[in-house]
Amino acid sequence: MNSKKLARISLLSALAIICGYIESLIPVVLQIPGIKLGISNAVILFAIYKLDKSTAFFIMLIKVTVSALLFSGVNVFIYSICGGILSLLVMITLKKLDFSVVTVSMTGAVAHNIGQLFAAAFMLKTFSVFYYLSPLLLSGLIFGFITGIVCKILIRRLLFK
Amino acid sequence: MKKRDIILILAILFAILFFATSGEPAHFARITKDGKLYSVVSLYENIEIVIGDTNVAEVLDGRIFMKSATCPDKLCIHQGEISDSSKKIVCLPNRVVIEAIADSNIDTVVK
């Protein structure tokens with residue numbers, strides 16, 4: 001790893017962590033836990049397009065670990081990492097299948113929510129968490145769309161991250 | 001934004017609608033008469049329930065339905081069987097409501 005790559009990874013990781021913090025400051029729909037702005041997903045998506053898959057995975061790992069250490073706790077770590085891994089896999093696959101950036105972002109956000117829901121179902125040992133599935137899917141689509149458009153512009157305008 | 005993108009998004013939207021309209025699979029049924037709780041029965045024991053002197057409900061194989069009623073329109077009987085929390089059986093003239101619920105206590109509180 002050269003210093004250029006190290007700098008890029010550090011920058012994106014820090015950005016992703018800050019995005020996570022901002023997300024926690026802006027409450028969206030308090031009744032349904034798990035609805036988030038999803039801007040950290042945009043950072044990971046950006047990494048997938050501008051760098052390579054394993055780097056993006058590494059950045060996601062750093063984001064989830066540091067965020068959990070700094071802000072929340074072990075429980076949140078498990079939810080986040082499940083959501084992060086599923087979302088990363090989905091986004092990488094969809095990018096390879098040549099879907100548009102906005103679609104990849106939307107589906108990635110949806111996958112993130114589904115991953116978190118499965119983790120919650122496993123941790124709490126109940127399937128009743130899936131009661132929240134539809135509002136979570138819908139918010140994933142909506143916020144994924146917004147972050148997807150922003151990410152698309154950034155991918156096009158920012159040269160070689 | 002190609003055709004495959006639209007298809008994928010529509011597929012997710014359909015999934016949303018599908019999950020939004022299906023209730024939780026039920027293990028119990030709550031029967032209220034005149035607004036007051038009459039009985040909570042398990043859906044796993046086939047049983048006939050006499051509700052007051054106006055209605056009879058029956059549990060059969062995890063589903064519950066109105067078997068007989070003294071109301072003139074018999075709409076409650078035509079409502080058929082319910083087995084998830086998205087539907088109820090209501091007999092308006094006799095003020096009987098049957099709901100399928102997942103948990104016999106209060107709704108499960110997550111977190």
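Remember, it's a predicted structure, so these values are computed and weren't measured experimentally. Naming convention: chains lettered A, B, ... in sequence-line order (proteins, then strands); numbering from 1 in each chain.
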request  = Give the member of A/T107, A/V101, A/V110 that has the highest number of heavy-atom pairs under 4.5 Å with chain B.
outcome  = A/T107
key: Residue part contacting chain B, namely of A/L94, when any heavy atom lies under 4.5 Å   = side chain
ask   = Is chain B contacted by the side chain of A/N75, its backbone, both, or neither, given a heavy-atom distance below 4.5 Å?
value = neither
inquiry  = Please classify the contact of A/L138 with chain B as side chain, backbone, both or neither, using a heavy-atom distance under 4.5 Å.
reply    = both
ask   = B/L8 versus chain A, heavy atoms under 4.5 Å apart: side chain, backbone, both or neither?
value = side chain
Test: B/K36 cationic atom under 6.0 Å from B/Y38 six-membered ring centre, within 45° of axis = no
ask   = Which pair of non-hydrogen atoms, one from A/S105 and one from A/T147, has the smallest distance, and what is that distance?
value = OG-OG1, 3.3 Å
ask   = Within a strict 4.5 Å, meaning less than it, do heavy atoms of the B/L37 and B/R30 side chains meet?
value = yes
task = Anything under 30° is parallel, anything over 60° is perpendicular, the rest tilted; go ahead and classify A/F71 against A/Y21.
result = parallel
query = Of all heavy-atom pairs between A/L136 and A/N113, which one has the smallest distance, and what is that distance?
reply = O-ND2, 2.9 Å
